[in-house]
Structures are given as C-alpha cells and as structure tokens.
Visitor: 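One structure, pasted below without further comment.
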Amino acid sequence: MNDKQLIKDAKLCTRWALALTFILIFAFPGVMFVTGYNYSLQFFQGWTYLAFIWLLTAGIYTAVRPWVEYFLEKKRSENV
C-alpha cells in the first residue's frame, strides 16, 4: 500500500472518529440538556448499555479486522 493511500485512509478515519465523538458525546446529550430533559435511571442505564455495546463492537472489529486482512492477503499470494 502506498503512502498516499495510507494518508487518505488516516484522514477519513480521523474525520469519522471526530464526527462520531462530537455527535455521541456532545451534540445528542447537549440537545437533551438544552430542552430540559430529566435524565432518569432507566435512561442512564440504557445509555451505559449502548456505550458498552459500542465499545465491545469497536474492540472486536479492531482486533479481528487485521487478522482477516492478513489471511485474505495470504490466500491471494498463494493463488498467484
């Protein structure tokens, strides 16, 4: 993979990470705060479960994806 593609992918990933962080941490709760929503225990538990599921999904994807790419690349090189 060349350097230009890596830089392009890094910029794309950084933009997505910053946008999702802004939306999930600031924008969504901020709108609820401005409208005067009262946070309940049930809402907080749901928010916590959602964050935990997101964390697990992101962690598993981050851990598994390089292995999948490695094995696919290995399979391609064996077929050539």
Side-chain angles (χ1 to χ4, degrees):
M1 193 177 273
N2 60 22
D3 289 339
K4 289 182 182 181
Q5 183 65 37
L6 288 174
I7 291 171
K8 181 181 174 184
D9 292 344
K11 286 181 182 180
L12 178 69
C13 291
T14 302
R15 288 180 185 145
W16 270 99
L18 291 174
L20 285 173
T21 299
F22 177 76
I23 290 169
L24 294 175
I25 295 177
F26 298 113
F28 179 66
V31 168
M32 294 175 66
F33 178 75
V34 170
T35 60
Y37 179 79
N38 290 327
Y39 293 95
S40 64
L41 178 60
Q42 184 179 6
F43 176 81
F44 180 73
Q45 286 176 336
W47 187 262
T48 305
Y49 292 146
L50 179 67
F52 188 69
I53 290 168
W54 177 259
L55 175 69
L56 284 175
T57 303
I60 290 169
Y61 182 82
T62 303
V64 172
R65 179 69 189 256
W67 287 100
V68 170
E69 289 183 5
Y70 170 75
F71 287 117
L72 289 176
E73 186 66 31
K74 188 175 177 182
K75 184 183 278 188
R76 276 190 226 127
S77 66
E78 289 174 356
N79 290 336
V80 174

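Please read all numbers here as calculations on a predicted model, not as lab measurements.
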Visitor: Apply salt bridge (charged side-chain N to carboxylate O under 4.0 Å, His left out) to Arg76 and list each qualifying residue two or more places apart in sequence or on a separate chain.
Guide: Glu73
Visitor: If you draw a 6.0 Å radius around CD in Gln42, do more than 12 non-hydrogen atoms from other residues or ligands fall strictly inside?
Guide: no
Visitor: Taking transitive links into account, so neighbours of neighbours count too, which hydrophobic residues share a cluster with Leu50 at under 4.5 Å side-chain distance?
Guide: none
Visitor: Going from NZ on Lys8 to CG on Leu6, what distance comes out if it is rounded to the nearest 0.5 angstrom?
Guide: 12.0 Å
Visitor: Give me each pair satisfying salt bridge (Lys or Arg N to Asp or Glu O under 4.0 Å) with a member in residues 18-31, each pair once, sequence neighbours excluded.
Guide: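 Pairs touching residues 18-31 that pass the test: none.
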Visitor: Donor-acceptor pairs under 3.5 angstrom involving side-chain atoms of residues 57-67: please list them, not counting sequence neighbours.
Guide:
from: Thr57; atom 1: OG1; to: Ile53; atom 2: O; distance (Å): 2.8
from: Tyr61; atom 1: OH; to: Arg65; atom 2: NH1; distance (Å): 2.4
from: Thr62; atom 1: OG1; to: Ala58; atom 2: O; distance (Å): 2.7
from: Arg65; atom 1: NE; to: Glu69; atom 2: OE2; distance (Å): 2.8
from: Arg65; atom 1: NH2; to: Glu69; atom 2: OE2; distance (Å): 3.1

Visitor: Any chance you could pull the hydrophobic cluster mates of Leu20, using side-chain heavy atoms under 4.5 angstrom and chaining through other members?
Guide: Leu12, Trp16, Trp54
Visitor: Does a sphere of radius 6.0 Å around CG in Asn79 hold more than 12 heavy atoms from other residues, nucleotides or ligands, not counting ones at 6.0 Å or beyond?
Guide: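 Correct, the count exceeds 12.
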Visitor: Should side-chain heavy atoms under 4.5 Å link Ile, Leu, Val, Met, Phe, Trp and Tyr, which residues sit in the same cluster as Leu41?
Guide: none
Visitor: Mind checking the CG-CD1 spacing from Leu18 to Ile23? Nearest 0.5 Å is all I need.
Guide: 11.0 Å
Visitor: Listed by chain and number, what are the side chain to side chain contact (heavy atoms under 4.5 Å, CB included) partners of Lys4, not counting sequence neighbours?
Guide: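 Residues passing side chain to side chain contact (heavy atoms under 4.5 Å, CB included) with Lys4: Asn2.
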